[in-house]
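The next block holds one structure in the form of structure tokens; read it before the comments.
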Amino acid sequence: MNIFRLVGDLSHLLAIFVLLLKIWKSRSCAGVSGKSQILFALVFITRYLDLFTNFISVYNSLMKVIFIASTVATVYLMYIKFKATYDSNHDTFRIEFLVVPVGGLAFLVNHDFTPLEILWTFSIYLESVAILPQLFMISKTGEAETITSHYLFALGSYRALYLLNWIYRYYFEGYFDLIAVVAGCVQTILYCDFFYLYITKVMWGKKLSLPA
Amino acid sequence: HIADGKHDEL
């Protein structure tokens with residue numbers, strides 16, 4: 001474990017709870033893409049199937065349980081409890097256009113042709129594009145609530161920190177996982193224009209609005 | 001790739 005990965009995991013945890021609290025407190029999921037949340041739930045479920053078979057540490061197992069539970073809870077709040085506030089008219093990204101190609105790629109490019117490893121690879125590839133429905137929804141509505149932009153900033157920062165973690169581990173531990181690094185770069189690049197808007201607008205107290 | 005097929009990251 002290194003500081004980049006620890007801060008990255010905490011940033012990821014913060015993002016998930018910022019969103020969960022926003023929906024719970026405001027009793028509304030306006031401006032939030034339910035499709036992205038479904039994809040994140042799929043990412044965690046397919047990635048953490050080794051929860052019971054591969055014990056790494058208490059921290060690792062605890063975080064896996066928290067990530068799965070909180071993301072499933074978010075999907076539950078959006079599609080069941082506060083369904084009336086779900087903005088399905090703007091959350092129209094065709095996620096099958098993400099899941100199918102990512103599933104095919106996971107079969108073709110992976111470290112090990114075993115069920116668990118293919119599912120892990122699918123999860124890594126899917127996570128890199130899972131935010132697209134959310135970014136697409138913001139581009140359609142033209143703006144995002146400030147709390148939603150904080151969520152996105154924490155979520156985007158987590159994988160950027162993981163890139164630093166992989167540089168650290170490469171030099172100090174000789175650890176290198178090409179699949180995770182490439183997917184992590186794609187994932188972080190997708191946030192770039194949001195990061196620009198966030199730093200130039202939200203940090204100065206303005207609302208995040210996309211140029212029409 | 002991680003030793004003995006285990007992924008130690010979240």
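Just so it is clear: chains get the letters A, B, ... in the order the sequence lines come, proteins before strands, and each one is counted from 1.
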Check your understanding: How about A/Asp177 and B/Glu9: do any of their side-chain heavy atoms sit closer than 4.5 Å?
Key ->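 A side-chain contact is absent here, since even the closest heavy-atom pair is not under 4.5 Å.
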Point to revise | Min side-chain heavy-atom separation B/Asp8-A/Arg169 under 4.5 Å | key: yes
Check your understanding: Around atom CZ of A/Phe107, are there more than 12 heavy atoms of other residues, nucleotides or ligands at under 6.0 Å?
Key -> no
Check your understanding: Is the count of non-hydrogen atoms from other residues, nucleotides or ligands lying under 6.0 Å from A/Tyr170 atom OH greater than 12?
Key -> no
Review point. Which atoms of A/Tyr162 come close to chain B, meaning under 4.5 Å heavy atom to heavy atom: side chain ones, backbone ones, both, or neither?
Key: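 Just its side chain gets close to chain B.
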**Study point:** Spacing of OH belonging to A/Tyr59 relative to CG belonging to B/Leu10, to within rounding of 0.5 Å
**Key:** 5.5 Å
Check your understanding: Say you draw a straight line from NZ of B/Lys6 to CG of A/Asn60; how long is it, rounded to the nearest 0.5 Å?
Key ->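 Output value for this atom pair is 11.5 Å.
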